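This report refers to the structure that appears directly beneath it.
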Amino acid sequence: MKFYPLKVKDIRIETSDCVSIAFDIPPQYKEVFAFQQGQYLTLKTVINGEEIRRSYSLCTAPAEGDVRVAIKQVTDGKFSTFANQKLRKGDTLDVMPPMGHFFTPLSQTHQKSYVFFAAGSGITPIISNIKAILTTEPQSICTLIYGNQRVSTIIFKEEIEALKNKHLGRFQVFNVLSREKTESDLLHGRLDKNKIAHFLDKIPSILRGDEFFACGPVDMIEAVKETLFAKEIDEKRLHFELFNAPKTSPKKEVLAKTVNSHAQIKLDGLTIDVPIDKGQNILDAAQMVGADLPFACKGGVCCTCRAKLIAGEVEMQANYALTKEEVAQGFILTCQALPKTEKIVVDFDIK
Ligand code: FES
C-alpha cells in the first residue's frame, strides 16, 4: 500500500480544536480513493525534519464525493497541532488509500435500526456511517448517543442537527455532556457503564437495534461492550473502533515466549529478509533494515500494518483492530507481533 501526494482542497474549522480537511483527488486516483463509510486515511508529512504518520477517519459518506477527514488537536500531538495550526489550503500531504472495516454493507431494501455510541472525535467515522445509512437505506433508522464535555466541543453539531431535520423521525440524537448542566440526568455525565445502562433502561428500543457501532477511547468501548453483552446482544452485531492506544513495551510473559528469528516478508511482489531480535516486533525489525512497510499508529489500533502470517508463530502484544475471524485466518498486526519461532513468513500482499 503506497502513499499518493494529494493537495488539500479545503480546510474547515469544525470547533476551536478540530478541523476537517478535504483532498483534491485527481482523475487518475479516483478509483484508488473510492471509499466505504467509516474508513480512514493514513496521512504522512515531515514536521521539523521528522516523518510523522497518523490515521484519521473520513467524516463524509461515499455519495458526497468529498474525501474529507476530521483532525482534533490533542495535547502534544505533532500531526494534529500541525493540521490545526499550520496546514493551509493548497499544501500537499502524502495519503494512503482508504482502509478499515468500521461499516456494514448497506442495501436500499434494509429496514434496520442502527445504534451509535461516540465520544469526542469518535463521531468522525460514526457520522460517515450515519449519513450513508440515512441516504442509502430509506427505511432504516439511526440513534446516536454522543458524549462530549460541553456544547461548544460537539464536533459536527450543525450537520447533525441538519440531518435530524432532513430525516425527520429516522434519526434521533442524545447529546451527553460531562461538564455542562443539561435538562435531564440522563444527558449529564460520561458515557460509562452506568450511563449506558441508564440509556438502555430509559429507552428500551435501543436494545432492539440490529447493529451497534461504538467509537471512542478504550474505556467507553469496553463500557459499551460489557453493557450490551450483559443484555445478550451478540458480538457479531457490535462494531467498534478505538482511538489511539499508547505504545507500550512487551510484557514479561510475552517476552518469555519470543525468540531470535528470521523473517521473510513479502510486499508488492518482492521478498525481503529481515533478522528479528528476541522481543522485537516485525515492523520495527523491518524498518531497521530499511524496508518500507505500511504502518501508522504502531499501537495495535489502526490496522494499517496488517499482514498474513504464512509460516511460523507470533505473539501479539495488543490487538484492537483485527476481528476474531481475521486472527483465525492468520492475519497479524506486524507492529504488535513478536516471533515465537526461528523462522516466520509474512505476506502483506494477501488481502
Ligand atoms: S500500525 Fe496501527 S495497528 Fe500496527
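Each ligand, and each atom within it, is numbered from 1 in the order the structure gives. Worth saying up front: this structure is predicted, and the values here are computed from it rather than measured. If you read the sequence from its start, that first residue is 1, and numbering goes on from there.
Counting side-chain heavy-atom gaps under 4.5 Å among Ile, Leu, Val, Met, Phe, Trp and Tyr, Leu255 is found in no cluster with other residues.
Ion pair Arg53/Asp94 not flagged as a salt bridge, since none of the NZ, NE, NH1 or NH2 atoms sits closer than 4.0 Å to an Asp/Glu carboxylate oxygen.
Within the 4.5 Å cutoff, the side chain of Phe116 has heavy atoms near those of the Ile133 side chain.
Checked against the 6.0 Å centroid threshold, Phe174 and Tyr146 do not count as a close aromatic pair.
Below the 2.8 Å limit, atom 2 (Fe) of ligand 1 has as protein N, O or S neighbours Cys297 SG, Cys302 SG.
There is a path of hydrophobic side-chain contacts, each under 4.5 Å, that joins Ile13 to Ile21. Val301 and Phe79 end up in different hydrophobic clusters when Ile, Leu, Val, Met, Phe, Trp and Tyr side chains are linked at under 4.5 Å.
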